[in-house]
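Taking it in order: structure first as structure tokens, then the write-up.
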There are 2 protein chains.
Amino acid sequence: MTDRNRPTLATVAARAEVAPSTASLAFSGSSRVAPATRERVLAAAAELGYAGPDPVARSLRSRRSGVVGAMIGERLAYAFTDPVAVQLLDGVTEVLSPLGVGLLLLPGDADRQGPTVDQLAHVPLDAAVYATCGLEDDPALAHLQRRGVPVVAVDGPRLDDVVFIGIHDRRGTADLARHLAGLGHRRVAVVAMPLRLDGTRGPVTAARRARAHYRDVRERLLGVEEVFGPVPAVEGASNSVGEGERAGRALLDVPAADRPTAVVAQSDLMAAGVLRAAQELGLRVPEDVSVAGFDGVELPWLAPVRLTTVAQPTTEKGRVVGRAVAELVEGRRPEDVVLDVHVSVGTTTGPAPG
Amino acid sequence: MTDRNRPTLATVAARAEVAPSTASLAFSGSSRVAPATRERVLAAAAELGYAGPDPVARSLRSRRSGVVGAMIGERLAYAFTDPVAVQLLDGVTEVLSPLGVGLLLLPGDADRQGPTVDQLAHVPLDAAVYATCGLEDDPALAHLQRRGVPVVAVDGPRLDDVVFIGIHDRRGTADLARHLAGLGHRRVAVVAMPLRLDGTRGPVTAARRARAHYRDVRERLLGVEEVFGPVPAVEGASNSVGEGERAGRALLDVPAADRPTAVVAQSDLMAAGVLRAAQELGLRVPEDVSVAGFDGVELPWLAPVRLTTVAQPTTEKGRVVGRAVAELVEGRRPEDVVLDVHVSVGTTTGPAPG
DNA sequence: TTGAAAGCGATACCAG
DNA sequence: CTGGTATCGCTTTCAA
């Protein structure tokens, strides 16, 4: 706690009787310094209790901070209830941690979708990952670009100067829709994740769709429509079990003749909510209604039920993001990557009733 | 991506025809600069596409980086399955984000309990929070202290020069134990969280206990013993539903005469596992066995069951940590804080059978 | 209220 | 392989 003068590289160099530049080389592990000299420097450092070169000073000179921002749409307590978000970041840190690069959490809050410019402005950043947050018309994005901070958008929009890492949302959902069509389903409805984070829920209108923030939500909707044509869709206010349940009830709590025979939820979390809604309404799954999700996350508490879903390689996607970031930090421009997904048939889909 | 020269404060100052020091004041919002001058500087910045002072250079001079490290014991995918960890960090960021301070994730991996010195060495840090990770004999801690980075330990050991923020683990567990004693329970067993993260599971021996990494695990054990004396305890390899189930089975899958009438799990996650073990063994809760947890997290999927538990104010604990960090960053030495907990009786505890 | 100059602590570059 | 020196971009201190 005391503010006694900590040793600097110059102090250490003086003690070891070498030039500062030599001491620097000793710490950077360069092979262009004699082993004996390095030993002397390290010994001097140990004696002085020197913890190594100051990261901030090093950053200024070398033009990298070892910090990568993770832009989060909501507050952490919400964002991290989604296993997909957690797995993604897990994959990212798996790649970045060994490189001495850390992920800086930049969450939004209840009102704002993502961090503000004020939050970003004071923080060093080698790159930024839009992890769980849209970025169209985002002032934070403009700020990052002015600063020259390279950006990776996960599932985000495809913009110039932004590296895109995503999955085949549309194709995957279309495959799922074909699976349902093959089972004889004709009346299908969608439970959609938020099109933008403004607390809205309810039927998705064309106007609402036009103002969508999230590319993946749009694409997954298009995938279903590719097979079934326009279908009713109900949006949840957040990607959660509770909102899935609410939307599911809106769709299922109607006369049997109007009821969809299959509900496609845009996430497994929301699908679990639809399952619960069905149960509360006394509907059997899949006999009365089929339910499918998206993501392929582990929801052990659903056992013995296994959700039919579109499985995405979330952790691997995180690793791909991590590698892209690593390249960006080294000044290269990585390729966009679109990963494959596949339909995983569980116990929640079956032949259409009737 | 292009590396064209970005403007610096000096460029902006030149354009606005003021000295760099004046331009600096304009950006820091100091009142010691004439409004007209500030306008001129800001206008020049806008014209040049200047995004504001470089955070790294600013950090070097002002001696703070706006980055606080979050030391995580395991990889994120595991650490963040625990709602307690997420809520804690949520509280921390709630306080820190508005201050322009970000949390840097520093996870361990499958093998290591917490980040390595290499991970830390290159990263700027105003402070570090041991969020989900023990820190006795931790080389990372030694590194931080040599660097002069102040440390906050959440539930961690009480060490000199480390700010402690915790809860009344022992008192809370003892209160819970008294609740059980009042219900007539005499044969009580404990399902313990890992005493250290080395993959060990099984009965807790005295030797194992002596090597415990985590203060809270020890204290919660002592709380039960305060009321019941020595009790059998089984440790899980991680704080999770699966490990709770496994430990619960070890305790419950025995002749009825030897079976505990109540199981105290050290977390709600593990208690949920015990519940499942009981169910699989055909034991009714609470008629055949009472089950209690710790934390007071929301587990909506348990509904309609409500766990008896020791509720801790996790988000508030995070805010307290955030405030402590904020003080530390400003050079003050905050007080240690120990928060209260309370027993929350649900539907999983009842009178001892027989 | 503004300007000039001195670093913050390290690395990069160029000589030797 | 080692040393000197300029410089990274800004804030701070001190004068004017």
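Letters go in sequence order (proteins before strands), and every chain restarts at 1.
Chain A approaches DNA chain C within less than 4.0 angstrom (heavy atoms of the protein), and the contacting nucleotides run 5' to 3' from C:dG9 to C:dA12.
Base contact: B:Ser24 has a heavy atom under 4.0 Å from a base atom. B:Val18 comes within 4.0 angstrom of sugar-phosphate atoms only, judged by non-hydrogen atoms across all strands, and of no base. Using a 4.0 Å heavy-atom criterion, one finds that B:Ser28 contacts no nucleic acid atom at all. Here B:Thr37 lies in heavy-atom contact (under 4.0 Å) with sugar-phosphate atoms only. No engagement by A:Phe27 is indicated, since no non-hydrogen atom pair under 4.0 Å with the nucleic acid exists.
Of the two residues contacting DNA chain C, namely B:Arg63 and B:Val33, the nearest-nucleotide position lying further toward the 5' end is that of B:Val33. Mapping B:Ala34 and A:Thr8 onto DNA chain C via the closest heavy atom, the residue that lands nearer the 5' end is B:Ala34. Across the interface with DNA chain D, nearest-nucleotide mapping of B:Thr22 and B:Leu60 shows B:Leu60 to be the residue nearer the 5′ end.
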Which atoms of nucleotides 5-7 of chain D (N or O only) lie under 3.5 Å from a protein N or O atom, and what are those distances?
residue : atom : partner : partner atom : Å
D:dT7   : O2   : A:Arg61 : NH1          : 3.0

Report task. Quick one: do B:Arg75 and A:Asp90 satisfy salt bridge (charged side-chain N to carboxylate O under 4.0 Å, His left out)? Show the steps, please. Result -> CA-CA 7 Å; B:Arg75 43 186 306 164; A:Asp90 182 60; 2.4 Å; yes
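A donor-acceptor pair shorter than 3.5 Å can be found between the side chains of B:Thr8 and B:Thr11.
Going from atom CD of A:Glu330 over to atom CG of A:Asp126 covers 10.5 Å, rounded to the nearest 0.5 Å. Once rounded to the nearest 0.5 Å, the distance linking CG of B:Leu104 with CD1 of B:Ile72 reads 10.0 Å.
Between the B:Arg146 side chain and the A:Gly49 main chain, no donor and acceptor come within less than 3.5 Å of each other. Put simply, the side chain of A:Arg196 gets close to the backbone of A:Arg211: a donor and an acceptor are under 3.5 Å apart.
Of the side-chain N and O atoms in B:Ser62, none sit less than 4.0 angstrom from OP1 or OP2 of D:dT11.
Between B:Leu339 and B:Glu316, the closest heavy-atom pair is CD1-C, 4.5 Å.
Taking a 6.0 Å sphere around OH of B:Tyr78, one finds it holds 12 or fewer heavy atoms contributed by other residues, nucleotides or ligands.
Taking atom CZ of residue B:Arg32 and atom C1' of nucleotide D:dT11, one finds them 11 Å apart after rounding to whole Å. Per the geometry, CZ belonging to A:Arg147 stands 19 Å off P belonging to D:dC8, to the nearest Å.
Within the 4.5 Å cutoff, side-chain heavy atoms of A:Phe164 are placed close to those of A:Arg215.
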